[in-house]
> 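First the structure, which I've put down as structure tokens, then a few questions once you've had a look.
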Amino acid sequence: MTSNTDFQNQVYQFVGKVPGGKVTTYGEVAYLIQNSKIKNQNYNSKVQINPRFLPRLVGFCLHQNKDPKVPCHRVVDRNGRLAPNFAFDGAKEQKRRLEAEGVKFVDEMHVDLAKSLWQGKS
DNA sequence: AAAGTGACGCATT
DNA sequence: TAATGCGCCACTT
């Protein structure tokens with residue numbers, strides 16, 4: 001257990017802001033982090049991360065995270081697809097959690113982004 | 001210390 | 001319109 005990097009902190013912070021019943025995407029989180037980075041200049045990455053690669057890092061950081069406090073199940077990919085290997089108990093459990101919060105599904109593996117995508121603003 | 005691995009997203013063919 | 005490739009960071013072993 002080592003202290004989290006600033007990048008991880010940013011990821012968890014933004015994910016933690018997603019309200020129940022809503023979901024966000026890796027790309028969205030990545031975008032917000034970039035924006036926050038520029039705004040606060042608190043991000044101490046060794047090098048500048050290409051925005052194009054950010055979403056992947058976001059996903060990887062969430063995969064690492066085992067902290068129940070972080071609602072990682074509310075993060076899906078751009079197509080609303082659930083994570084193939086959800087850290088806790090597979091995508092099935094992730095779907096179960098989301099449905100419990102009122103998130104609608106259009107498919108066994110896809111959430112209804114049109115209705116449940118968190119249009120984070122505030 | 002070095003190399004491999006990985007919850008994605010976009011451009012190009 | 002669909003399928004395939006590229007990007008190149010942070011973390012683990």
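Reminder, nothing fancy here: chain letters follow the sequence lines and each chain counts from 1.
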> Check whether any side-chain N or O of A:Gln94 sits under 4.0 Å from OP1 or OP2 of B:dA7, and answer yes or no.
no
> Does the C:dG7 base have a donor-acceptor partner in the side chain of A:Arg56 within less than 3.5 Å?
yes
> Using whole Å, report how far CD of A:Gln34 lies from P of B:dC8.
19 Å
> Find which nucleotide of DNA chain B each of A:Leu57 and A:Thr25 is nearest to by heavy atoms, and output the residue with the more 5' nucleotide.
A:Leu57
> What is the separation between atom CG on A:Leu54 and atom C1' on C:dC6, rounded to the nearest whole Å?
16 Å
> Can you identify which nucleotide, out of C:dG7, B:dA7, B:dT5, has its nearest atom closest to the A:Phe53 side chain?
C:dG7
> If you look only at distance, which donor and acceptor atoms sit under 3.5 Å apart when one is on a side chain in residues 12-25 of chain A and the other is two or more places apart or in another chain?
residue, atom, partner, partner atom, Å
A:Tyr12, OH, A:Cys61, O, 3.0
A:Lys22, NZ, A:Lys115, O, 3.2
A:Thr25, OG1, A:Glu28, N, 3.0

> Output, in order, the C-alpha distance, side-chain angles, deciding distance and verdict of side chain to side chain contact (heavy atoms under 4.5 Å, CB included) for A:Leu113 and A:Val106.
CA-CA 9 Å; A:Leu113 284 181; A:Val106 297; over 6 Å; no
> Rounding to an integer number of Å, can you tell me how far A:Phe7 CZ sits from B:dC8 P?
13 Å
> Within a strict 4.5 Å, meaning less than it, do heavy atoms of the A:Lys92 and A:Lys95 side chains meet?
no
> Calculate the interatomic distance between A:Leu62 atom CG and C:dC11 atom P; express it in whole Å.
13 Å
> Roughly, in whole Å, what's the span from OH in A:Tyr26 to P in B:dC8?
6 Å
> Identify which nucleotide among B:dA7, B:dC8, C:dC9 has an atom closest to any side-chain atom of A:Pro55, counting heavy atoms from C-beta outward.
B:dC8
> Can you tell me which nucleotide in C:dA10, B:dA7, B:dG9 comes closest to the side chain of A:Asp77?
B:dG9
> Scan A:Arg52 against the nucleic acid and name what it touches under 4.0 Å (heavy atoms): base, sugar-phosphate only, or nothing.
base
> Mind jotting down which residue pairs meet the salt bridge (charged side-chain N to carboxylate O under 4.0 Å, His left out) criterion with at least one end in residues 70-84 of chain A? Sequence neighbours excluded, please.
A:Arg74-A:Glu101
> A:Arg97 CZ to B:dA7 P: how many Å, rounded?
18 Å
> What is the separation between atom CG on A:Leu98 and atom C1' on B:dA7, rounded to the nearest whole Å?
13 Å
> Rounded to the Å, how far apart are A:Ile33 CD1 and B:dG9 P?
13 Å
> Say you draw a straight line from CG of A:Leu54 to CD of A:Gln34; how long is it, rounded to the nearest 0.5 Å?
5.5 Å
